[in-house]
Engineer: 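I am attaching a structure below and will ask some questions about it afterwards.
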Amino acid sequence: MIRQLKSGADPRFFPKLASFLRQERYGTVGAIAMDRDGKIAVAASTGGIMLHLPGRVGDTPIIGAGTYANQHGGVLATGHGEEIIKLNLAFRTAGFMEQLPAQKAVARSLDLASKCGCKGGLIAIDRRGNVGFGFNSQAMSYAYVAGGEVVVF
Ligand code: ASP
């Protein structure tokens, strides 16, 4: 649909369309927390992606796709939900954390995502409390709190 709009929409009738189409806007807000016993919880909310049908379900509420936690770590994804679902990206990243720290697990998942044409980003915490984050989309805002210190990027 976006391709059709890019090529076929008459700018006289859709004056703001060009600026919308230039942006990769993803609207997920997510958080991962680890308690003092090392238990991990993940939560997310999303506005979805523009120009999709009402009723669409993206990756965010699908456990394993956009959101996942197990004994190895917690993961949250943002980006193009349809591709994230196909890759089961949060589950896969948590699986990588069985062997790898969070940052390396995120990097491995983003390599795979890039190879598959999936744009987005990930945040993660592994069972040792290491954080990981990264994205292959235009931008992603993220921060973490550790030992009372807030680190913002
Ligand atoms: N992943 C979300 C979706 O596809 C969009 C986002 O990350 O903002 O609905």
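Counting starts at 1 for both ligands and their atoms, in listed order. All heavy atoms count here, side chains included; hydrogens, waters and symmetry mates do not.
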Engineer: Report the relative orientation of the aromatic rings in Phe133 and Phe153; use parallel for angles under 30°, tilted for 30 to 60°, perpendicular for over 60°.
Structural biologist: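 Phe133 and Phe153: tilted rings.
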Engineer: For ligand 1, which atoms have a heavy atom of Thr78 less than 4.0 angstrom away?
Structural biologist: 6 (C), 7 (O), 8 (O)
Engineer: Could a heavy atom of Arg56 be found less than 4.0 Å from some atom of ligand 1?
Structural biologist: yes
Engineer: If the condition is side-chain hydrogen bond (donor to acceptor under 3.5 Å, both in side chains), which residues does Ser114 pass it with, not counting sequence neighbours?
Structural biologist: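 Residues passing side-chain hydrogen bond (donor to acceptor under 3.5 Å, both in side chains) with Ser114: Asn136.
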Engineer: With only distance considered, is Gly58 within less than 3.5 Å of ligand 1 through an N or O on each side?
Structural biologist: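 Looking only at distances, the answer is no, because the N/O contact criterion of under 3.5 Å is not met.
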Engineer: Going by distance only, is there an N or O of Ile84 that falls short of 3.5 Å from an N or O of ligand 1?
Structural biologist: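 No; the residue has no nitrogen or oxygen that sits under 3.5 Å from a nitrogen or oxygen of the ligand.
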Engineer: Could you list the atoms of ligand 1 found under 4.0 angstrom from a heavy atom of Ile49?
Structural biologist: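 Listed by number with element: 3 (C), 4 (O), 5 (C).
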Engineer: I need the atoms of ligand 1 closer than 4.0 Å to a non-hydrogen atom of Asp59, numbered in the order shown.
Structural biologist: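 Listed by number with element: 1 (N), 2 (C), 3 (C), 4 (O).
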Engineer: For ligand 1, which atoms have a heavy atom of Thr46 less than 4.0 angstrom away?
Structural biologist: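 Near Thr46, the atoms of ligand 1 are 2 (C), 5 (C), 6 (C), 8 (O).
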Engineer: Applying the side chain to side chain contact (heavy atoms under 4.5 Å, CB included) test to Arg127, which of Gln71, Lys39, His72 qualifies?
Structural biologist: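 By the side chain to side chain contact (heavy atoms under 4.5 Å, CB included) criterion, Arg127 pairs with just one of Gln71, Lys39, His72: His72.
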Engineer: With the threshold set at under 4.0 angstrom, would you say Gly66 reaches ligand 1 through any of its heavy atoms?
Structural biologist: no
Engineer: With heavy-atom distances below 4.0 Å as the criterion, list the atoms of ligand 1 near Gly79.
Structural biologist: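 Taking each heavy atom of Gly79 in turn, ligand 1 has 1 (N), 2 (C), 3 (C), 4 (O), 5 (C), 6 (C), 7 (O) under 4.0 Å.
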Engineer: Test of understanding: with salt bridge (Lys or Arg N to Asp or Glu O under 4.0 Å), list the residues that count as partners of Arg56, not counting sequence neighbours.
Structural biologist: Glu82
Engineer: More than 12 non-hydrogen atoms from neighbouring residues, nucleotides or ligands closer than 6.0 Å to OH on Tyr142, yes or no?
Structural biologist: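 Yes, because the 6.0 Å sphere around OH of Tyr142 holds more than 12 heavy atoms from other groups.
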Engineer: Out of curiosity, does Phe135 fall in the hydrophobic cluster containing Ile123 (side-chain heavy atoms, cut-off under 4.5 Å, transitive links)?
Structural biologist: yes
Engineer: Taking distance alone, with no angle check, do Thr28 and ligand 1 share an N/O pair under 3.5 Å?
Structural biologist: yes
Engineer: Out of Leu122, Val29, Thr93, Val42, which one pairs with Leu76 under the side chain to side chain contact (heavy atoms under 4.5 Å, CB included) rule?
Structural biologist: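 Answer to the side chain to side chain contact (heavy atoms under 4.5 Å, CB included) test with Leu76 among Leu122, Val29, Thr93, Val42: Val42.
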